[in-house]
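The structure appears right after this line, and notes come after that.
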Amino acid sequence: MENNELKLAVLIDADNVPYANVKGMLEEIAKYGIPTFKRIYGDFTKPNLTGWKSVLLENAITPIQQYGYTTGKNATDSALIIDAMDILYTGSVDGFCIISSDSDFTRLATRLREAGKKVFGMGERKTPTPFIASCNKFIYIEILKKDKEPVVAASARSPKKSTARAKVAPKSQQQLLLDLVTESIQDIAEEDGWVFLGVLGNLILKKQPDFDPRNYGFKKLLDLIKSLPTIEIEERPTGRSNNSHFYVRVK
């Protein structure tokens, strides 16, 4: 089974990862498989977890409320581990993505791998080495943080206004689309830079479930890609009459 077909259980430790780039985390996970479970664990009555509440609904993440019963004991970790083992024994997933910077999940990751499951870890650079080593692949959250500074308007770059605070303009819908397609191609391109159009479409849809070429005035993805000036298209015959495959890459 290819990585992009893996069914994954995404389990998030709210106490030990930041919420600010949750969209970037989920887009990264989409490169490796399809999240069939998306659960987050924590005591959401605590003020330090307030930020998570605003992003759960828009990213379809199910919160698992876990009160801290005893001071000094992490009930959140226990709840995540119990759920992971329950999911393991149902046999309904091919792998797990554990999002945490806590070494307490080292044994869990090892056990899941012993059961033949793929384990992807994701956390901050402060994550202890044992947890990192227990995963098939570990991704640092810091590298997912994209520059969100919008493009500086031409008027703001004028030397006459160099002492004033630069005014910025948000990216256009066309530029956001181009960024999405370009980054997705770069995520999965072969060494020669080419990507099969069907595979690209699947990744884009996993990153943005509401993506549809018709939103941009095109009936098909191929027509949309043809409208992007920085994307190159190559038609390759399959040997069957009137049947070709299309590949794309960044110029």
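Starting from 1, each residue takes its place in the sequence as its number.
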Value for CZ (Arg107) from OG (Ser134), rounded to nearest 0.5 Å, stands at 10.0 Å
What heavy-atom pair brings Arg39 and Ile61 nearest, and what distance separates the two atoms? C-CG2, 4.1 Å
Is there a side-chain contact between Ile99 and Met25 in this structure, where contact means two heavy atoms from C-beta onward sitting under 4.5 Å apart? yes
Table please: side-chain donor-acceptor pairs of residues 213-224 below 3.5 Å, with sequence neighbours left out.
residue, atom, partner, partner atom, Å
Arg214, NE, Asp212, OD1, 3.0
Arg214, NE, Asp212, OD2, 3.2
Arg214, NH2, Asp212, OD2, 2.6
Asn215, ND2, Asp210, O, 3.2

Path from Leu112 to Tyr89 over hydrophobic side-chain contacts below 4.5 Å: yes
For the student: nearest non-hydrogen atoms of Leu144 and Gly24, plus distance: CD1-O, 4.0 Å
Give, for atom CZ of Phe131 and atom OG1 of Thr106, the distance between the pair rounded to the nearest 0.5 Å. 6.5 Å
Consider side chain to side chain donor-acceptor pair (under 3.5 Å). Of Glu234, Glu232, Gln186, which one does Arg249 pass it with? Glu232
For the pair Asp94 and Lys7, evaluate salt bridge (Lys or Arg N to Asp or Glu O under 4.0 Å) and give the outcome as yes or no after the intermediate values. CA-CA 5 Å; Asp94 306 300; Lys7 292 184 293 183; 5.2 Å; no
At what distance, to the nearest 0.5 angstrom, does CE of Met85 lie from CG of Leu108? 7.0 Å
Could you tell me if the side chain of Leu6 sits less than 4.5 Å from the side chain of Ile34, heavy atoms only? no
State whether a side-chain donor-acceptor pair under 3.5 Å links Ser244 with Glu235. yes
Output yes when a side-chain donor or acceptor of Asp13 lies under 3.5 Å from a complementary backbone atom of Asp102, and no otherwise. no
When you look at Lys23 and Glu28, which way does the salt bridge (Lys or Arg N to Asp or Glu O under 4.0 Å) test go after all the steps? CA-CA 9 Å; Lys23 185 174 180 61; Glu28 179 70 15; over 6 Å; no
The test is ring-ring contact (aromatic ring centres under 6.0 Å, His included); show your working for Phe37 and Phe96 and say whether it passes. CA-CA 9 Å; Phe37 292 86; Phe96 292 78; 8.4 Å; no
Might you work through the side-chain contact (heavy atoms from CB on, under 4.5 Å) test for Arg125 and Ile143, ending with a clear yes or no? CA-CA 10 Å; Arg125 291 191 183 275; Ile143 68 174; 3.3 Å; yes
Check this for me: Gln173, atom CD, are more than 12 non-hydrogen atoms of other residues, nucleotides or ligands nearer than 6.0 Å? no
Given side chains that start at C-beta, do those of Phe120 and Ile98 come closer than 4.5 Å, heavy atoms only? no
Shortest non-hydrogen contact from Ala109 to Cys135? CB-SG, 4.5 Å
What one should report as the nearest heavy-atom pair of Leu11 and Ala84 is CD1-CB, 3.7 Å
Stepwise side-chain contact (heavy atoms from CB on, under 4.5 Å) check, Ile64 with Ile40: CA-CA 6 Å; Ile64 307 297; Ile40 184 168; over 6 Å; no
Nearest 0.5 angstrom please: Leu200 CG to Ser184 OG, how far? 6.0 Å
Could you check, using the six-membered ring where one of them is a Trp, whether Phe246 and Phe196 have ring centers closer than 6.0 angstrom? no
Verify whether one side chain among Tyr41 and Asp15 offers a donor that lies under 3.5 Å from an acceptor in the other. no
What do the steps show when you test Leu177 against Val181 for side-chain contact (heavy atoms from CB on, under 4.5 Å), and what is the final call? CA-CA 6 Å; Leu177 171 64; Val181 173; 4.1 Å; yes
Okay, side chain of Lys53, backbone of Phe44: is any donor-acceptor separation there less than 3.5 Å? yes
Cation-pi geometry met for Arg236 and Tyr247 (6.0 Å, 45°): yes
Is a side-chain donor or acceptor of Thr182 paired with a backbone partner of Asp179 at a separation under 3.5 angstrom? no
For the residue pair Leu197 and His245, establish whether any side-chain heavy-atom pair is separated by less than 4.5 Å. no
Are Leu180 and Ile233 connected in the hydrophobic side-chain network, where two residues link if heavy atoms are under 4.5 Å apart? yes
Tell me whether Thr36 contacts the main-chain N or O of Leu8 through its side chain, where contact means a donor paired with an acceptor under 3.5 Å. yes
Roughly how far, to the nearest 0.5 Å, is the SG atom of Cys97 from the CG atom of Asn136? 11.5 Å
Heavy atoms of other groups near Glu190 CD, more than 12 under 6.0 Å: no
Nearest-0.5 Å distance, CG of residue Asn16 to CD of residue Glu124: 8.5 Å
Answer whether the closest heavy-atom distance between the side chains of Tyr19 and Thr50 falls below 4.5 Å. no
Tell me the closest heavy-atom pair linking Leu26 and Lys38, and the distance in Å. CD2-CD, 4.1 Å
If you define the side chain from C-beta out and look only at heavy atoms, does anything of Lys207 sit under 4.5 Å from Ile204? no
What one should report as the nearest heavy-atom pair of Ser101 and Lys126 is CB-CE, 4.0 Å
Look only at the side chain of Asn243 and the backbone of Thr238, and say whether a donor-acceptor pair between them is shorter than 3.5 Å. no
Does some side-chain heavy atom of Lys118 sit less than 4.5 Å from a side-chain heavy atom of Val93? no
Are any non-hydrogen side-chain atoms of Met122 and Tyr140 less than 4.5 angstrom apart? no
